[in-house]
Amino acid sequence: MAEETTTTPTTEAPVAAPKKKKVKRTVAAGQLHIKATFNNTIVTITDKQGGVIATSSAGACGFRGSKKGTAYAAQIAGEKALNTAKQNHNLNTVEVYVKGTGQGRDAAIRAAATLGIEIESIADKTGVPHGGVRPRKVRRT
């Protein structure tokens with residue numbers, strides 16, 4: 001007679017590794033990048049090395065359609081991103097880099113000034129075309 005042995009598998013629940021707490025970085029000085037197009041304004045705050053701290057845009061603040069391109073929408077987007085950086089990372093001085101030709105260029109910079117954030121410098125990084133596209137062929141009559 002054959003003996004039957006039954007083994008019960010030991011089922012242990014997989015233990016998840018404890019989650020690492022996110023270290024709260026203190027960034028006293030950073031960079032404020034403003035991309036102002038005709039349709040939207042995107043505000044990004046980075047540390048000196050370029051690591052993103054906070055970001056916002058007119059579309060993310062609830063503006064839709066042509067309202068995203070307004071100066072008011074850019075001001076609200078700037079305030080939202082700067083408040084996040086100020087509360088979470090103790091940001092108090094920024095270098096401003098502006099790109100584009102939209103209405104939100106000055107409004108986003110003014111938002112930083114009204115929040116009490118010191119502006120060290122303002123640089124315009126708008127691309128300038130050189131060379132351009134190939135001209136049309138000469139018209140023959």
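Here, residue 1 is the first one in the sequence, and each next residue gets the next number. What you see is a predicted model, and the numbers here were worked out from it, not measured in a lab.
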Parallel, tilted or perpendicular, as decided by the 30° and 60° cut-offs, for the rings of Tyr97 and His33: parallel
Atom of Cys61, atom of Ala77 and distance for their closest heavy-atom approach: SG-CA, 3.7 Å
From Lys68 atom NZ to Thr37 atom OG1, the distance as rounded to the nearest 0.5 Å: 8.0 Å
CD1 on Ile119 to CD on Glu95, rounded to 0.5 Å: 11.5 Å
Joint hydrophobic cluster, Ile34 plus Leu82, side-chain heavy atoms closer than 4.5 Å: yes
Audit row: Thr70, Gln103, side-chain contact (heavy atoms from CB on, under 4.5 Å) steps and yes/no: CA-CA 6 Å; Thr70 62; Gln103 291 181 344; 4.2 Å; yes
Heavy-atom closest contact (Ala71 atom, Ala107 atom, distance): O-CB, 3.2 Å
Residue pair Arg105, Asp124: steps toward the side-chain contact (heavy atoms from CB on, under 4.5 Å) verdict: CA-CA 10 Å; Arg105 290 168 56 103; Asp124 190 359; 3.3 Å; yes
Thr55 side-chain N/O to Val43 backbone N/O, donor-acceptor pair under 3.5 Å: yes
Check: Gly100 main-chain N/O paired with Thr126 side-chain donor or acceptor under 3.5 Å: yes
hydrophobic_cluster_shared for Phe38 and Ile109, side chain cutoff 4.5 Å: no
Rounded distance (nearest 0.5 Å) linking atom OG1 of Thr46 with atom CD1 of Ile53: 6.5 Å
Smallest separation among heavy atoms of Asn40 and Ala58, with atom names: OD1-CB, 3.2 Å
Between CZ on residue Arg110 and CD on residue Glu79, distance to nearest 0.5 Å: 11.5 Å
Flag if over 12 foreign heavy atoms under 6.0 Å of NZ, Lys48: yes
Spatial distance of atom NZ (Lys35) from atom OG1 (Thr41) [nearest 0.5 Å]: 10.5 Å
More than 12 heavy atoms of other groups within 6.0 Å of Lys86 NZ: yes
Heavy-atom closest pair, residues Ala28 and Asn92: O-OD1, 2.6 Å
Interatomic distance, Leu91 atom CG to Asn83 atom CG [nearest 0.5 angstrom]: 11.0 Å
Shared hydrophobic cluster, Val52 / Ile42 (ILVMFWY, side-chain heavy atoms < 4.5 Å): no
